[in-house]
Every structure is written in structure tokens, then in C-alpha cells.
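No experiment lies behind these values; they were computed from the predicted model shown. Below, chains carry the letters A, B, ... as their sequence lines are ordered, and counting in each starts from 1.
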There are 2 protein chains.
Amino acid sequence: MAATIKDVAKEAQVSIATVSHVVNKTRYVSPKLVGRVNAAIEKLEYYPNMLVGGLRSKQTFSVGLVLPSISNETFGKLAETIQKLFLRERYSLIICNTSNDYELEVSALNTLIMKSVDAIIIVPSTQIAEKIIEIKNRGIPIILVDRDIKHIGLSTVTVNYRASTYNAVNYLIENGHSEIGYIDRAKELSHSMHQRDGYIAALKDAGININPNNYIRCQGYDYQDGVDAVQTLIRNNPAITAVLAYYDVTALGAIRGIVDSGYSVPEDISVIGCDNMPFTGALVPRLTTINFPIDAIADAVLDITLKSLENRDYIKTLEVEGALIIRDSVTKPRFSLNR
Amino acid sequence: MAATIKDVAKEAQVSIATVSHVVNKTRYVSPKLVGRVNAAIEKLEYYPNMLVGGLRSKQTFSVGLVLPSISNETFGKLAETIQKLFLRERYSLIICNTSNDYELEVSALNTLIMKSVDAIIIVPSTQIAEKIIEIKNRGIPIILVDRDIKHIGLSTVTVNYRASTYNAVNYLIENGHSEIGYIDRAKELSHSMHQRDGYIAALKDAGININPNNYIRCQGYDYQDGVDAVQTLIRNNPAITAVLAYYDVTALGAIRGIVDSGYSVPEDISVIGCDNMPFTGALVPRLTTINFPIDAIADAVLDITLKSLENRDYIKTLEVEGALIIRDSVTKPRFSLNR
DNA sequence: ATGAAAGCGCTAACAG
DNA sequence: CTGTTAGCGCTTTCAT
């Protein structure tokens, strides 16, 4: 069916070695033969088979990207950005969704091994490192993104969630808030801890004591969970004047929950989200949120991947900063001493 | 480095053929040898190389998915759904983003040829069929999704946009609207036409004459373009009482534009969107919108792909229905005769 | 400057 | 029931 290197060689009256070298520019071939070969390639619509090429050269130019979900706008955008960056280097991406499920993650990683990917980029679904270590031991470069697993000596690109959360809380404190609610994700992940650390540290540094009523964990990952969480928070501590949510969608739910409870945002309760998803700039009020620095992450991932491919021992750990995007959902509290 | 079939054969003291047959369950092997082989596989952490397997068997168990963007929530969700469905059949997906750019589409398709994918699923970026026909002629099953290209004899799964738009407009008419604005996408695509057809047909069937002032094309694809478009619409025809937008994000912009113009939704102007994106159910008012039937599309795509793989001549054209999701953004107009 | 040929890891005849 | 072997399409020595 489709033409192979043999067909091209025959058509161009040269050896298959010459065709290979013309295609890959891997040794000098006289202009005459180059012309004949290219003409034959054109005529036969020949496309080299990268996979079988990799059989000997040990490169398939495929990279695996494993993440919880690409239908989430943030991860979707990250996947797209990484994909475009890698395309320029001739790599294509095999994308696998794990839904934060370890079984699915293992199955995805197994598939990627069988597909002989050159490297794997993963947003780990859990702290379980077993399979990831197996990949590493196979000699496949594997890069952790957004969530780290400590002490297994792997390249990691994360966001400095501690600092960004600290900044966000501090911004609220500077605006006169002290009863600041925190809505945490349903399941603990590596960055949950860092975010909480930042929250607590900012309060402590400002001499504000920690009120356990101001902390709540969502039941799930949807909008509605944000509604429910904020209403519990308000019930537990009616004096709350600000809320920080671990995720913009949760923040959206929180706003709804606040409004449904008869309060307004930001006049009664200020809200800060996290991720800077596209819709947050379109809300009324426009949401103040912590940026998820997609481009910086993608750039770092590409850089580390390429270097790891050149040098199997290359390891780099990078923390990028998530800036606070100040918009309209935070004001000074009505009854603040600052007023 | 990683173990190969040879290593396993040596370890298990059998021939490589036996290993292959144990792995693929492709002929009877005595329990004794099966045991030895599986033990060796376990011990050596052997994973068969699917790519080189495909070298002879002519199957790589990779499928290409080419679409404009996975960071768009709708396409992202579609990609994820398709990915999960194919995973069950042991296929992995190579996802390529085209940004609706024909050059990128061609480059993506070339890559997929070189990766020897078993089939290609594509949301075409343009009406240019050249490359797609080349793929078809190579014998690679290729399935068009969401946008069709006529008369090239390819399997196609589309949404019946004409009917769904007709229904939506008709719903507005039933509610007493007659000055109904339509906000169209910036660039013409196959379904733009069908949507417009439905819009016009519904008006005609109701005996409402077409007012060119009620039609506008967006400048771009963002939220802000919806704001601008609706304001132009209102300026050109202050009597407008309803607006249909081709895309939920545009509808979101339209709502903002209407509010900023001093009117309210739906009391002064009703709004209908398209796609039923997750956020639309969370808006105030909750957006009435035309559903994009992701599951139905994904199911059909899987079905057609598998059948095309079995039978290279298999062709199927399917139109799935996009139901109107009735929520809160449409009411009877203030000054309607129906009141 | 070019070609011949070995072999990458595997499947599928073919033998026995 | 199991093993031997010829390729699949390509890269890469090794010759010339």
C-alpha cells in the first residue's frame, strides 16, 4: 500500500541507505542523487515510518503526557501548550487521562511503555511512587508536574503554592480582613499541604490566631461543592469577611453560595480563587485569583525533557511563581477597623 | 536496557514464538510453559513493544485525534470522552491541535502518517479536502467530526445544527419573540451555514420576515466579541427582544453587553447559547442553550472507527441531535402581543 | 560518495 | 504442542 523506503530506492535507482541518508540528512549525498531521491519521494508520496526508525535509533519522537483530565480548562490549556511546544521539536504527544485514579494512571503508564515513548510527563494522581520509579528504572525520563513526590530523585516542575497562597492571604489581611475562610480540596494532594501552609503562615505572621471554623474541605470537585462549603463556613462563623478557594470553580460556587445566603461579594464577603481560569475575568465581580503559570510550566517541561533526553542523568527541580491577579472580588470589610 | 522477547525466551527456556503466543494468546501453549513464560515476564518486567509488533501485524493501536483545540472545554471533554472509550479497546490517542489553521492541520496529519496510526478522527479546520483525501487514499480510515466536507465519501459524525437551531428559534417565537438577533461566528465553517439555515427557516415558517439588522458576525472567538456584537445588534435594532449566539462564551459576552447597555436578561432581552458548556448552568440567569451531544458523538466515532478497521470500505454518515436545554435566560418579551 | 547487509523486536508462516 | 525462520521498514556499521 503506502510506499516504503525500498520503493523509493527502486524508483530513484539508489540504495535504501542513500534514501535514508537523504531523508535524515545524515551523510553527504551528491546533489544528483538527492534530486532523484526527492523526486521519487514526492512521486510516491513516501513518508518515513518513525516507529520502525526508532527500532534501531531508539527514538520514537513520541512523548507521553499523563494528567487527571484535559476537559478541565486549566489542564487542557497546559496540555495544548505543551503539545505545541513539543511539536516544534518534532515530538508528538500521547495524552492519557487518569481522573486522579491510580489504577488508570498505572494502566496509562503501561501503555506508554509499550508505545516506547521517549519520555513521560506526568501530573501524578497520588503520592504512590511505585510505578513511576519503575519507569525511571527502565531509563525513561519522567518529569513530574504540578504535584511532587519527594525523595525519589525526579525532575519536577511545580508552582510555589505556599508563596502564592501566603501572598493571597496577606493581601486579604492588608485589606483589613482577619476572619478568613479557606475552602480546601476534597482529597489531599501534595500541593494541598503547601497551600494550607501558606494560609496558616500568613495568618500567624500577622498575629491572627487560627480559627478551625474557618477551614473546610469540599465534598467533591464541582461548582455545587463550593456552594455547600461556603454556606457551612458562614454558618460556622458568621463573622467571616473573606474566603479563599483552592480552585476557581469552587470560588464561583462560593460566590453563588454567598449571594444565596443573602450577602454580597465583595461588599460583605471578599473571595479569592485559584488558577485564573478564563471565565474568572468575565464574572461580575471579576474574580481576584492566583494565576496558574501555564507558559512558564510548559517551557520548563520542554527544557527539562529535551535535556533529559540528551543526558539521562539530568535532573532539575523547578518551582515557578503563581502571581496574585488582583481584580474586583476583594474589598475592605464593612466593619473593619481600617475604615 | 528494557527486556525484550528474546530475554524472556531465554529466561523461560522457550522459543520467542512461544513467548509471543503466550503474550497474545494466539495459539495453545501448555500450562507448564505458560507458567514459565509468565514468571519470566514478571521477573524481567517485560512489556511487549506494540510498535514493532505493528510492523508485521499492521496495527499500532494508535489513533490520531485532530481538532482545533483541547483547551476549549467542549472539545476538551470530547477528546477526553473519546480517549476513554478507545482506551477500553486498547487504543491510545495521539492528540493534535490545529487552532483551526490548515497548515497546522496538514502538519498534524503528516505526523500521524509517520506514526502509522491505525485511524484518524478529525474535526476539520477548513473545507479544504486535499490532505484528507490523500490520507483516505493511503488506506487510513479517517472520520470527520462536527464539520463535514461534502462529496468526498468519508464517514462523518455531525450534529444536526439546522434542526437544533430551528428548534431554538422556534422556542423563542413560541414565547412571543419576533425581533430575534443572531450572532454568528467570525469564520464560516460547514455548520455555520446549517445554523443560519435553521434560523432563517424558523423565521420564515412563522411568517416573520428577515431583518438583516438582526444578523451579525463576531470579530473573533472571545467573550469580548460577544459583548461587542450584541451592542452593535442593539444599536442597529433597538426593538430586539432575543438573541441567539453560536457559542456559549459568545452568549456570556452577549449577556454582559446587554447588561452594560442598561437592559436585563431575560426581562428585556432573552438569550440562547450553544454547546451547553458546564458554566452555563451556573450563570445567573442559568443559560438556555443548545446541547452539544458529546457522548453520542464519541460513541458513534468509536463504533465507526472499529468497523472501518475491520472493513476498509465501511462508510457511515450520522447526524446526532442537539437538544435545546431550557433554563432561565428566555422569557416572553415585555411588550409582546402574547402578554 | 555510495552500497550491502546486519539487525532492531516482533509476528506469522512453516516444519516437525 | 513447540521451535525455526523469514521478513516488516528502517538505521547504521562496514566495505568499497
Subject >> Nucleotide nearest B/Asn24 (side chain, heavy atoms from C-beta), chosen from C/dT11, C/dC14, C/dC10 >> reply: C/dT11

**OP:** Consider the side chain of B/Tyr46, meaning its heavy atoms from C-beta on, and name the nucleotide among D/dG3, C/dC10, D/dG9 that approaches it most closely.
**Re:** C/dC10

Original post:
Can you tell me if NZ on A/Lys84 sees more than 12 non-hydrogen neighbours from other groups inside 6.0 Å?
Top reply: yes

**OP:** Give a yes/no on whether any side-chain N or O of A/Lys6 is located under 4.0 angstrom from OP1 or OP2 of D/dC8.
**Re:** yes

Original post:
Does A/Ser30 place a side-chain N or O at less than 4.0 Å from the phosphate oxygens OP1/OP2 of C/dT2?
Top reply: yes

Subject >> B/Lys25 NZ to C/dT11 P, straight-line distance once rounded to whole Å >> reply: 13 Å

Subject >> Most 5' of B/Thr26 and B/Val52 on DNA chain C, judged by nearest nucleotide >> reply: B/Val52

Subject >> Listed nucleotide nearest any side-chain atom of B/Thr18, set D/dT2, D/dC10, D/dC14 >> reply: D/dT2

Original post:
Where the side chain of B/Ile5 is defined as all heavy atoms beyond and including C-beta, which of C/dG9, C/dA12, D/dG9 is the nearest nucleotide?
Top reply: C/dG9

**OP:** Nearest whole angstrom, please: distance from the C1' of C/dG9 to the CD1 of A/Ile113.
**Re:** 16 Å

Subject >> Atom-pair distance (CD on A/Gln13; P on C/dA4), nearest Å >> reply: 13 Å

**OP:** Starting from C1' on C/dC8, measure out to CE on A/Met50 and report it in whole angstrom.
**Re:** 17 Å

**OP:** For the side chain of B/Ser15, starting at C-beta, report the closest nucleotide among C/dT2, D/dT11, D/dT4.
**Re:** D/dT4

**OP:** For the side chain of B/Leu33, starting at C-beta, report the closest nucleotide among D/dG3, D/dG9, C/dC8.
**Re:** D/dG3

**OP:** Please name the residue in the list A/Glu80, A/Gln83, A/Glu73 that meets the side chain to side chain contact (heavy atoms under 4.5 Å, CB included) test with B/Ser71.
**Re:** A/Glu80

**OP:** For the side chain of A/Ala17, starting at C-beta, report the closest nucleotide among C/dG9, D/dG9, D/dT12.
**Re:** D/dT12

Original post:
So, for B/Val29 and B/Val34, which heavy atoms are closest and what is the spacing to 0.1 Å?
Top reply: O-CG2, 3.5 Å

Original post:
Just wondering, more than 12 heavy atoms not from A/Lys187 lying within 6.0 Å of its NZ?
Top reply: yes

Original post:
C/dC10 C1' sits how many Å from A/Met114 CE, rounded?
Top reply: 14 Å

**OP:** Answer yes or no: does atom CD of A/Gln127 have more than 12 heavy-atom neighbours from other residues, nucleotides or ligands under 6.0 Å?
**Re:** yes

Original post:
Quick one: B/Lys58 NZ to C/dA13 P, roughly how many Å, whole number?
Top reply: 14 Å

Original post:
B/His21 versus B/Tyr28: any side-chain heavy-atom pair under 4.5 Å?
Top reply: no

Subject >> Out of C/dA5, D/dG9, C/dA1, whichever nucleotide has its closest atom nearest the side chain of A/Asn49 >> reply: D/dG9

**OP:** Under 4.0 Å between any heavy atoms, over every strand shown, what does B/Val29 touch: base, sugar-phosphate, or nothing? Just pick one.
**Re:** sugar-phosphate

Subject >> Candidates D/dT11, C/dC8, D/dG9 - which lies nearest the side chain of B/Leu55 >> reply: D/dG9

Original post:
In terms of the nearest nucleotide of DNA chain D, which residue is placed more toward the 5' end: B/His21 or A/Thr4?
Top reply: B/His21

Original post:
For A/Asp7 and D/dC8, what is the distance between atoms CG and P respectively, to the nearest whole Å?
Top reply: 11 Å

**OP:** Rounded to the nearest angstrom, tell me the gap between atom CD1 in B/Ile16 and atom C1' in D/dA6.
**Re:** 11 Å

Original post:
Of the candidate nucleotides C/dC10, D/dG3, C/dT2, which contains the atom at the shortest distance from the side chain of B/Pro48?
Top reply: C/dC10

